[in-house]
Amino acid sequence: MTIRSGYTVCPYDCPSTCGFYAEIEDGRLKAVRPDPDHPVSPGGPCRKMVHYERSVNAPDRILYPMKRTGAKGTGAFEMISWEEAVREITSRWKDIIRESGSEAIAWCNYSGVMTPVQRQCGWAFFNRLGSRGLVRTLCANAKGAGYQSVMGSIGCLDPREVKDSDFLIVWSSNVPATRNPMMRELREFRKQGKRIVTVEVCGIDMARYSDELLLVRPGTDGALALSMMHVLEREDLADREYLRTWAHGYEVFRESLSAYTPEWAEEICGVPAASIEALALEYGRAKAPAILLGSGFSRYANGGMTARIITVLSQYTGAWKQPGGGLCGCNPTGGSYLNGALTDPPEFHGKHPSININQLGQGICDPSVRSFYVYGSNPANSVSDTCAVLRGLSREDLFTVVHERVMTDTARYADIILPATYSVEQTDVYTAYGYCTLSAAPKLIDPPGECRTDWQTFQALAEAMGFEDLFFRQTEEELFEKLLSGMKGNAAALPEEARESLRKGGAVTVPYADHLRFMKEGKQWNIVNESMEEPVPRWMPPAGGPEPLRLISVPGLWSLNSVFHERTEDLIPARGPMILCLHPDDAAERGIATGDDIEAFNDLACVRFTAFVTDLTAKGAAAAPGVYAHSLTKSGLGVNALQHARLTDLAEATTMNDNTVEVRKYS
Ligand SMILES: Nc1nc2c(c(=O)[nH]1)N[C@H]1C(S)=C(S)[C@@H](COP(=O)(O)OP(=O)(O)OC[C@H]3O[C@@H](n4cnc5c(=O)[nH]c(N)nc54)[C@H](O)[C@@H]3O)O[C@H]1N2
Ligand SMILES: Nc1nc2c(c(=O)[nH]1)N[C@H]1C(S)=C(S)[C@@H](COP(=O)(O)OP(=O)(O)OC[C@H]3O[C@@H](n4cnc5c(=O)[nH]c(N)nc54)[C@H](O)[C@@H]3O)O[C@H]1N2
Ligand code: SF4
Ligand SMILES: [Mo]
């Protein structure tokens with residue numbers, strides 16, 4: 001028996017990018033062990049990753065290429081060789097390109113794996129192919145665009161800076177689920193007698209870690225933040241000198257605030273005027289207040305505007321000038337550390353019609369799309385308007401290829417399934433989107449069966465398509481080295497010894513962003529931004545729908561989007577059935593109690609849930625935690641079947657929280 005240990009990093013779409021050690025026994029991942037020196041996760045990975053070996057060694061892993069033998073969606077497949085698979089895929093593609101052009105080939109990739117080599121290789125491949133484009137805005141793009149329209153490329157707080165703050169608002173972030181390593185800081189913060197107020201629609205996880213929970217109606221945070229600034233002005237708590245000097249458009253915006261009284265906001269967001277007043281005063285009187293801004297609030301038709309307003313609020317008392325004060329959760333690094341041209345070469349980019357990932361169902365139902373390739377994404381579970389996605393995937397004439405690690409609701413519809421690797425079986429660099437850290441981890445073990453990395457797969461497809469570009473001839477290891485030796489931004493200044501430790505596998509802290517760089521550059525940031533359709537931030541309502549209850553999706557504690565469905569022995573049972581959280585008043589009106597079998601419906605679908613009645617959910621809201629495989633639901637559909645494919649005001653992003661439903665007992 002040979003036992004060894006190697007460094008590895010969590011590959012998932014999670015702001016923390018924790019690092020840990022992998023114990024390897026006879027070439028298999030045996031266990032994971034914390035890295036006590038890790039800059040973010042010294043306590044080790046979260047509840048989902050602490051038994052990563054159970055995922056990597058899952059008995060139902062896909063190990064060989066497979067070809068469909070039954071009707072689409074039935075999951076009937078037979079094993080084939082990689083040679084057959086690659087030949088079949090590329091000969092079909094060559095025919096399609098000859099008959100209908102390369103834009104008849106569509107693809108989907110999102111955040112199954114977040115690392116540049118394994119994620120962006122497909123972007124490079126499909127750009128080179130000249131396929132239909134993909135607009136990748138399934139997450140927090142409206143928040144990013146809103147923040148950027150105010151602050152440009154100035155970086156916000158790294159979560160480790162928040163300890164110096166004296167008052168924290170956790171705004172729309174389910175921290176125990178989505179920012180697990182930050183729980184340590186939140187506990188320490190309160191131990192020091194500093195208060196945490198959470199602004200949420202559904203506080204079932206966050207309430208116990210907060211001193212106070214304010215429940216808002218979905219999509220109305222902009223009204224709350226505007227009225228807080230109204231109070232700050234009225235009480236002389238705005239830092240007027242700072243705003244006059246550094247904020248473009250301050251006077252115009254200030255005038256507009258007079259209409260936004262707490263009473264006005266109460267009507268819209270359902271938070272009592274007195275509570276708004278108290279929150280504004282506490283925030284305004286703190287020396288270095290911080291806002292930890294999650295993403296849920298931004299997944300609405302008004303999401304970009306709300307992000308602008310909250311960013312302005314974070315500046316309104318001059319908090320950014322104080323250590324620990326300001327805004328956390330937007331863009332801590334102030335830009336990329338890596339040279340994206342190395343993994344997604346601009347010379348392959350062309351102009352092609354695109355599918356917005358949020359409207360994927362409509363995109364793949366279009367008969368002019370004849371083939372569809374999916375990797376690092378599970379759109380049958382994670383994209384809005386599930387029924388449209390399933391209609392597209394069911395098309396007999398859509399030649400579909402899915403590169404996956406386990407049988408998913410998307411893979412079930414493939415003509416060809418290719419077996420994918422787990423992160424310990426591949427080499428890559430890892431940038432965190434929530435921290436100023438950079439990590440790297442070389443491959444530790446050989447994959448089982450015939451699993452291949454995304455990079456190796458696209459290399460094989462590129463060769464069979466006859467691409468002669470040197471780009472596709474590189475190895476993962478060569479790209480890894482190029483990325484590490486060509487770092488940008490604050491990472492460019494990392495000492496050689498930090499690069500060396502990354503080459504071997506490790507994590508380093510990159511110097512934090514200079515939050516006051518605009519002062520050094522003598523440039524104002526923008527309250528008013530004339531380049532936008534709405535130059536002056538103002539209240540704009542969400543879109544919603546005719547039904548009485550506003551439906552939101554909450555990231556679950558026991559899963560990460562649709563990842564971890566393979567964990568049938570621990571995470572899946574711990575999570576339990578698919579629940580819908582309802583306020584006691586809304587439940588009573590409908591004769592519903594906790595545990596009842598209920599159905600939520602609108603013009604798109606009817607989905608069954610188990611009721612969970614709780615006053616930790618805002619009145620008028622219905623909140624669905626987690627993403628469920630269809631086989632784990634009572635009606636064969638998850639919450640995304642109830643979501644329209646509308647886009648946000650900025651960045652064409654998801655509005656998955658901006659929908660309405662009616663709910664009744666199932667009979
Ligand atoms: N365990 C776990 N971890 C995850 C994920 C997961 O699914 N599970 N997802 C990963 C991904 S892809 C991402 S993008 C990050 C996201 O992590 P963060 O950026 O921190 O944001 P979320 O926790 O997704 O924010 C969602 C919260 O917003 C709340 N919310 C919804 N609508 C509103 C609203 O109108 N107003 C307010 N105030 N609150 C609202 C929801 O109730 C929910 O608690 O987390 C990642 N980490
Ligand atoms: N109801 C609801 N819907 C949501 C969310 C929610 O919280 N609730 N969250 C939304 C958000 S914020 C996001 S970012 C999206 C995410 O949406 P997606 O990007 O579709 O993410 P997942 O659903 O997790 O599917 C990722 C898939 O990638 C596979 N995978 C992982 N690593 C690799 C790899 O190295 N190679 C290959 N080929 N495959 C790999 C996994 O096995 C998994 O099946 O979902 C969105 N949809
Ligand atoms: S908290 Fe996020 S980054 Fe850390 S181990 Fe868990 S899923 Fe991975
Ligand atoms: Mo996300």
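One-based numbering, in listed order, for ligands and for the atoms of each. Being a predicted model, the structure only gives us computed values, none of them experimental.
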At their closest point, which heavy atom of Gly544 faces which heavy atom of Asp658, and how far apart are they? N-OD1, 2.7 Å
Please list the nearest protein heavy atom to atom 1 (N) of ligand 2 with its residue and the distance rounded to 0.1 Å. Asn640 OD1, 2.5 Å
What atoms in ligand 2 come closer than 4.0 Å to a heavy atom of Cys139? 12 (S), 14 (S)
the protein heavy atom lying closest to atom 26 (C) of ligand 2 turns out to be Gly112 CA, 3.5 Å
Using a 4.0 Å heavy-atom threshold (strictly under), name the region of Met206 that reaches ligand 1: side chain, backbone, both or neither. neither
Structural part of Gln118 in contact with ligand 2, heavy atom criterion under 4.0 angstrom: neither
How far is atom 2 (Fe) of ligand 3 from its nearest protein heavy atom, and which residue and atom is that? Cys14 SG, 2.4 Å
Atoms in ligand 2 flagged as close to Leu560, the criterion being non-hydrogen separation under 4.0 Å: 24 (O)
Would you say ligand 2 has an N or O under 3.5 Å from any N or O of Asp13? no
Heavy-atom contacts under 4.0 Å between Ser562 and ligand 2: side chain, backbone, both, or neither? both
Identity and distance of the protein heavy atom lying nearest atom 4 (Fe) of ligand 3: Cys18 SG, 2.3 Å
Those atoms of ligand 2 less than 4.0 Å from some heavy atom in Thr408: 44 (O)
Quick check on contacts: which atoms of ligand 2 are under 4.0 angstrom from a heavy atom of Val639? 1 (N)
Is it the case that the ring center of Tyr12 lies less than 6.0 angstrom away from the ring center of Phe564? yes
Using a 4.0 Å cutoff against the non-hydrogen atoms of Thr17, which atoms of ligand 3 qualify? 3 (S)
Looking at atom 39 (N) of ligand 2, what's its closest protein heavy atom, distance included? Gly376 N, 3.3 Å
Ligand 2 to Tyr375 polar contact by distance, N or O atoms, under 3.5 Å: no
His403 contact mode with ligand 2 (heavy-atom cut-off under 4.0 Å): both
Going by atom types only, do Ser55 and Arg567 share a side-chain donor-acceptor pair under 3.5 Å? yes
Which part of Val563 is near ligand 2, with near meaning a heavy atom under 4.0 Å away: side chain, backbone, both or neither? both
Measure the distance from atom 6 (Fe) of ligand 3 to every protein heavy atom, then report the residue, atom name and distance (to 0.1 Å) of the closest one. Cys46 SG, 2.3 Å
Counting from 1 in the order shown, the ligand 3 atoms closer than 4.0 Å to a non-hydrogen atom of Pro45 are 5 (S)
Geometric N/O contact Tyr110 with ligand 2, under 3.5 angstrom: no
How does Ser559 reach ligand 1, by side chain, by backbone, by both or by neither, if only non-hydrogen atoms under 4.0 Å count? backbone
Identify the protein heavy atom lying closest to atom 29 (C) of ligand 1, giving its residue, its atom name and the separation to 0.1 Å. Glu200 OE1, 3.2 Å
Should the proximity of His565 to ligand 2, defined as any heavy atom under 4.0 Å, be assigned to the side chain, the backbone, both, or neither? neither
Ion pair present between Glu566 and Arg61, side-chain N to carboxylate O less than 4.0 angstrom? no
May I ask you to check whether Tyr373 and Phe125 place their ring centres under 6.0 Å from each other? no
Can you tell me if an N/O/S atom from Cys10 lies under 2.8 Å from atom 8 (Fe) of ligand 3? yes
If we only count N/O pairs under 3.5 Å, is Ser111 in contact with ligand 2? yes
Provide the closest heavy-atom pair for Met305 versus Asp649 in the form atom of the first, atom of the second, distance. N-OD2, 2.9 Å
Ligand 3 versus Lys48: contacting region, heavy-atom distance under 4.0 Å: side chain
Between Ser553 and ligand 2, which residue portion shows a heavy-atom distance shorter than 4.0 Å: side chain, backbone, both, or neither? side chain
Applying the side chain to side chain donor-acceptor pair (under 3.5 Å) criterion to Asp570, which one of Arg54, Arg47, His51 satisfies it? Arg54
Of all heavy-atom pairs linking Asn356 and Glu652, the shortest is ND2-O, 2.9 Å
Would you say ligand 1 has an N or O under 3.5 Å from any N or O of Thr220? no
With heavy atoms under 4.0 Å as the rule, classify the contact between Thr178 and ligand 1 as side chain, backbone, both or neither. both
Please determine, by modelled atom types, if Ser553 and Gln643 share a side-chain donor-acceptor pair under 3.5 angstrom. yes
At a 4.0 Å threshold, what atoms of ligand 3 neighbour a non-hydrogen atom of Met49? 5 (S), 8 (Fe)
Nearest non-hydrogen protein atom, atom 33 (C) of ligand 2: Arg405 CD, 3.8 Å
What protein heavy atom sits nearest atom 43 (C) of ligand 2, and how far off is it? Glu404 OE2, 3.2 Å
If I apply the N/O under 3.5 Å rule, does Tyr12 come out as touching ligand 2? no
Distance filter under 4.0 Å to Gln426 heavy atoms, resulting ligand 2 atoms: 35 (O)
Starting from atom 8 (N) of ligand 2, find the nearest protein heavy-atom neighbour and note its residue, name and distance. Val627 CG2, 3.4 Å
For atom 9 (N) of ligand 2, what's the nearest protein heavy atom and its distance? Asn561 OD1, 3.0 Å
Counting heavy atoms under 4.0 Å, the part of Leu560 that contacts ligand 3 is side chain
Note: ligand 2 atoms sitting under 4.0 Å from heavy atoms of Arg299 are 12 (S)
Hey, which atoms in ligand 2 end up nearer than 4.0 Å to a heavy atom of Ser382? 3 (N), 4 (C), 17 (O), 18 (P), 20 (O), 23 (O), 45 (O), 46 (C), 47 (N)
Closest non-hydrogen atom pair, Tyr7 against Ala441: O-CB, 3.8 Å
Using a 4.0 Å heavy-atom cut-off, which part of Arg119 comes near ligand 2: side chain, backbone, both, or neither? neither
Asp454 N/O to ligand 2 N/O under 3.5 Å: yes
Within the 4.0 Å heavy-atom cut-off, what Thr654 brings close to ligand 2 is neither
